[in-house]
Amino acid sequence: MMKQWKGKPDVIVAGAGFAGAVAAREMAEAGKQVLVLEKRNHIGGNMYEEENEAGIRIHVYGPHIFHTNDERVFRYIRQFGKWDTYEHRVKGKIREKEVPIPFNFTSLEALFPMEQAKKLETKLHRTFLGKTRVTVLELMEHTDQEIAELGQFVFDNVFKGYTAKQWGMPVLEVDRSVISRVPVVLGKDDRYFGDRYQLMPAEGYTKIFENLLQHKNIVCQTGVDVMDLLTLQPDGTMRFDGEVFDGIFIYTGMPDTLLQNCFGFLPYRSLRLEFETLQQNDFQSASVVNYPNSEDFTRITEFKKLTGQQKTGVTTILREYPMAFTANAGQEAYYPIENKQNRSLYEMYQKALQQWDNLYLCGRLAEYRYYNMDGAILRALELTQEILQKEKVCLAANV
Ligand SMILES: Cc1cc2nc3c(=O)[nH]c(=O)nc-3n(C[C@H](O)[C@H](O)[C@H](O)COP(=O)(O)OP(=O)(O)OC[C@H]3O[C@@H](n4cnc5c(N)ncnc54)[C@H](O)[C@@H]3O)c2cc1C
């Protein structure tokens, strides 16, 4: 490895996804010299986007749509590139029909006799007065039998098969928190997300990351695994690249690897991503079509429909096949498997890592929790604010 940095930085950030890039930017804005090290050979984390051989921009680690209700995150992210308004619409293949997902009144009317569908719509409106979205659990657990039966229908046809594929386990073993996130729309709004801001970067995510990391105080090097340079010493100090490092260390990778998996491996789900380029204008009716029941894959994404790129005679699609994650087998850890047992394993790592008081865990992998992009950005903004505030207090107290 040819080192592209000189001297000792004030801050080291491991990982150049949103958590790392935003944390780096904030520290750089505060006047710190920041070194960002990314083990992949590109920046952008799972949002990384590139143009394929057909000239179509693809999301290399699966489709990413930016959505948030958080005004601060929205304002922040707009500084780093041009964003287009984009309303994500998903269809699901249910009983041989392509219907809107989340399940809404159009889905209801496509799959139920019209008279029954209309009766249910009126009842749902009356029961959940003023609400535009409820969860499938709210329906299933409702005391009205017809509503509970509809909830069960949505659960069985839209959720059960998809979730079993996604998590590789019977649906009853899936954590309740996952089930409680499944929405049902009480109306014909067919947007996948209900958030106030729904955007796609006009020039792709990679450009946003280039802009985020473009700062006089930031040096960023890709293709460097921090674990090859970092030693956590038993006395609570750390060495980086052979020297004592007592600056700020922000880590966005897997926490168990920091301690050589001493308590066991944190479990994740992975994906096999199968891209295919076809010599035709269009492949499907929406940018994403879910396959909850048939097929081994969970969904197909058609990228042109996601990015708005205009290309004739060619289109690229992606099929996602969920699979188990095995550490050190060249797979990506995509989804933390959220349940009580795994949370306590994570907490063992978190507690043990508190010994190094200049080490901060940030983001989807490091905190072992599913963050959407806006959540990862917000977390990085809050963490860096916290670190800078702590430093101010220590300086004032002359500690
Ligand atoms: C298939 C899929 C689809 C998704 N779709 C959406 C969506 O539509 N909308 C949405 O809001 N969110 C989506 N997400 C969530 C989104 O990917 C996360 O919110 C985001 O990746 C969080 O950013 P991060 O920086 O925490 O993690 P990451 O993006 O994973 O970045 C972590 C980075 O750290 C690097 N790293 C790890 N260990 C080391 C090390 N030892 N040394 C150096 N570098 C290291 C990794 O290589 C990686 O680049 C999706 C997630 C998946 C898996």
Side-chain angles (χ1 to χ4, degrees), residues 1 12-25 35-49 58-70 73-74 77 86 88 90 166 192-193 195 197-201 205-206 208-209 212-213 220-230 232 240 249-260 268-273 287-288 297-299 301 306 318-323 325 327-328 331-337 361-381 383:
M1 175 206 34
I12 297 171
V13 177
F18 265 130
V22 169
R25 179 71 186 212
L35 173 63
V36 179
L37 298 173
E38 167 54 59
K39 74 174 176 187
R40 291 174 177 160
N41 61 7
H42 57 75
I43 58 171
N46 280 356
M47 283 58 67
Y48 175 64
E49 198 170 339
I58 56 166
H59 294 186
V60 173
Y61 301 94
H64 278 74
I65 297 98
F66 191 86
H67 56 101
T68 189
N69 278 322
D70 193 293
V73 171
F74 171 68
I77 206 64
Y86 167 85
H88 191 44
V90 173
Q166 176 91 341
Y192 190 69
F193 301 112
D195 301 56
Y197 303 111
Q198 305 187 25
L199 311 163
M200 286 295 274
Y205 284 102
T206 308
I208 301 285
F209 280 87
L212 260 167
L213 293 167
C220 175
Q221 186 168 353
T222 56
V224 182
D225 188 331
V226 148
M227 295 313 296
D228 294 339
L229 297 165
L230 180 76
L232 297 181
F240 178 76
F249 193 97
I250 299 174
Y251 180 77
T252 73
M254 291 193 268
D256 46 346
T257 57
L258 280 173
L259 294 175
Q260 290 75 44
Y268 295 87
R269 286 293 280 170
S270 189
L271 292 170
R272 180 165 66 80
L273 301 178
S287 53
V288 173
F297 47 84
T298 45
R299 58 180 180 176
T301 301
L306 201 63
L318 165 67
R319 293 183 180 86
E320 291 174 45
Y321 295 85
M323 61 191 279
F325 169 77
N328 309 319
Q331 297 159 352
E332 295 294 341
Y334 279 111
Y335 301 101
I337 302 175
L361 302 175
C362 183
R364 178 183 68 92
L365 295 169
E367 294 176 71
Y368 197 69
R369 58 180 284 188
Y370 185 83
Y371 275 123
N372 276 318
M373 290 182 271
D374 63 335
I377 292 167
L378 190 63
R379 164 70 181 142
L381 290 174
L383 176 70

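All ligand and atom numbering here is 1-based and tracks the order in the structure.
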Should the proximity of [X] to ligand 1, defined as any heavy atom under 4.0 Å, be assigned to the side chain, the backbone, both, or neither?
{"X": "T257", "answer": "neither"}
{"X": "A19", "answer": "both"}
{"X": "A366", "answer": "neither"}
{"X": "M47", "answer": "side chain"}

Identify, by atom number and element, the atoms of ligand 1 in contact range of [X], meaning under 4.0 Å from any of its heavy atoms.
{"X": "G15", "value": "33 (C), 34 (O), 35 (C), 44 (N)"}
{"X": "G253", "value": "37 (C), 38 (N)"}
{"X": "V224", "value": "42 (N), 43 (C)"}
{"X": "A376", "value": "22 (C), 23 (O)"}
{"X": "L37", "value": "43 (C), 44 (N)"}
{"X": "Y61", "value": "1 (C)"}
{"X": "G45", "value": "29 (O), 31 (O), 49 (O)"}
{"X": "G363", "value": "26 (O)"}

Polar proximity ligand 1 side, [X] side, N/O cut 3.5 Å exclusive:
{"X": "L271", "result": "no"}
{"X": "C362", "result": "no"}
{"X": "I65", "result": "yes"}
{"X": "M373", "result": "yes"}
{"X": "P63", "result": "yes"}
{"X": "Y371", "result": "yes"}
{"X": "N46", "result": "yes"}
{"X": "Y370", "result": "yes"}

For the residue pair [X] and [Y], establish whether any side-chain heavy-atom pair is separated by less than 4.5 Å.
{"X": "I337", "Y": "Y368", "answer": "yes"}
{"X": "F18", "Y": "V73", "answer": "no"}
{"X": "H67", "Y": "H88", "answer": "no"}
{"X": "Y205", "Y": "V60", "answer": "no"}

**Asked** Mind checking whether Y61 and H42 have ring centres under 6.0 Å apart?
**Response**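 Yes: the rings meet the under 6.0 Å criterion.
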
Tell me the protein heavy atom at minimum distance from [atom], and give that distance in Å.
{"atom": "atom 30 (O) of ligand 1", "result": "R364 NH2, 2.4 Å"}
{"atom": "atom 44 (N) of ligand 1", "result": "K39 N, 3.1 Å"}
{"atom": "atom 6 (C) of ligand 1", "result": "H64 CD2, 3.5 Å"}
{"atom": "atom 42 (N) of ligand 1", "result": "V226 N, 3.0 Å"}
{"atom": "atom 48 (C) of ligand 1", "result": "E38 OE1, 3.5 Å"}

**Request:** With sequence neighbours left out, write down each residue that passes side-chain hydrogen bond (donor to acceptor under 3.5 Å, both in side chains) with E320, or none if nothing qualifies.
**Result:**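 With neighbours one apart ignored, the set is R299.
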
**Prompt:** Just how far is it from atom CG of L230 to atom CZ of F249, taken to the nearest 0.5 Å?
**Reply:** 4.5 Å

**Asked** So, S287 versus Y86: side-chain donor-acceptor pair below 3.5 Å or not?
**Response** yes

**Asked** Does atom CG of N328 have more than 12 heavy-atom neighbours, drawn from other residues, nucleotides or ligands, at distances under 6.0 Å?
**Response** no

**Message:** Under the criterion side-chain contact (heavy atoms from CB on, under 4.5 Å), I'd like the reasoning laid out for V226 against K39: C-alpha separation, chi angles, the key distance, then a yes or no.
**Reply:** CA-CA 7 Å; V226 148; K39 74 174 176 187; over 6 Å; no

**Request:** Check if F66 has a non-hydrogen atom at a distance under 4.0 Å from any atom of ligand 1.
**Result:** no

**Request:** Kindly determine whether R40 and N46 satisfy side-chain contact (heavy atoms from CB on, under 4.5 Å), including the steps that lead there.
**Result:** CA-CA 10 Å; R40 291 174 177 160; N46 280 356; 3.0 Å; yes

**Request:** Classify the angle between the aromatic ring planes of Y197 and F74 as parallel (below 30°), tilted (30 to 60°) or perpendicular (above 60°).
**Result:** parallel

**Asked** Do we get R272 above Y321's six-membered ring, with its NZ or CZ under 6.0 Å from the centre and within 45° of the axis?
**Response**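 Relative to the ring axis of Y321, which defines the angle, R272 lies inside both limits.
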
**Fill in**
Between T252 and A19, the two heavy atoms sitting closest are CG2-CB, 3.9 Å

**Prompt:** Of the choices F193, Y334, Y251, Y335, which has the non-hydrogen atom that lies closest to atom 2 (C) of ligand 1?
**Reply:** Y335

**Prompt:** Considering only heavy atoms, which of I377, D225, I43 lies nearest to atom 41 (N) of ligand 1?
**Reply:**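 Shortest heavy-atom distance from atom 41 (N) of ligand 1: D225.
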
**Prompt:** Does the pair R379 and R369 meet the rule for a side-chain contact (heavy atoms from CB on, under 4.5 Å), with working shown?
**Reply:** CA-CA 12 Å; R379 164 70 181 142; R369 58 180 284 188; over 6 Å; no

**Worked verdict on N372 versus F193 for side-chain contact (heavy atoms from CB on, under 4.5 Å)** = CA-CA 12 Å; N372 276 318; F193 301 112; 5.9 Å; no

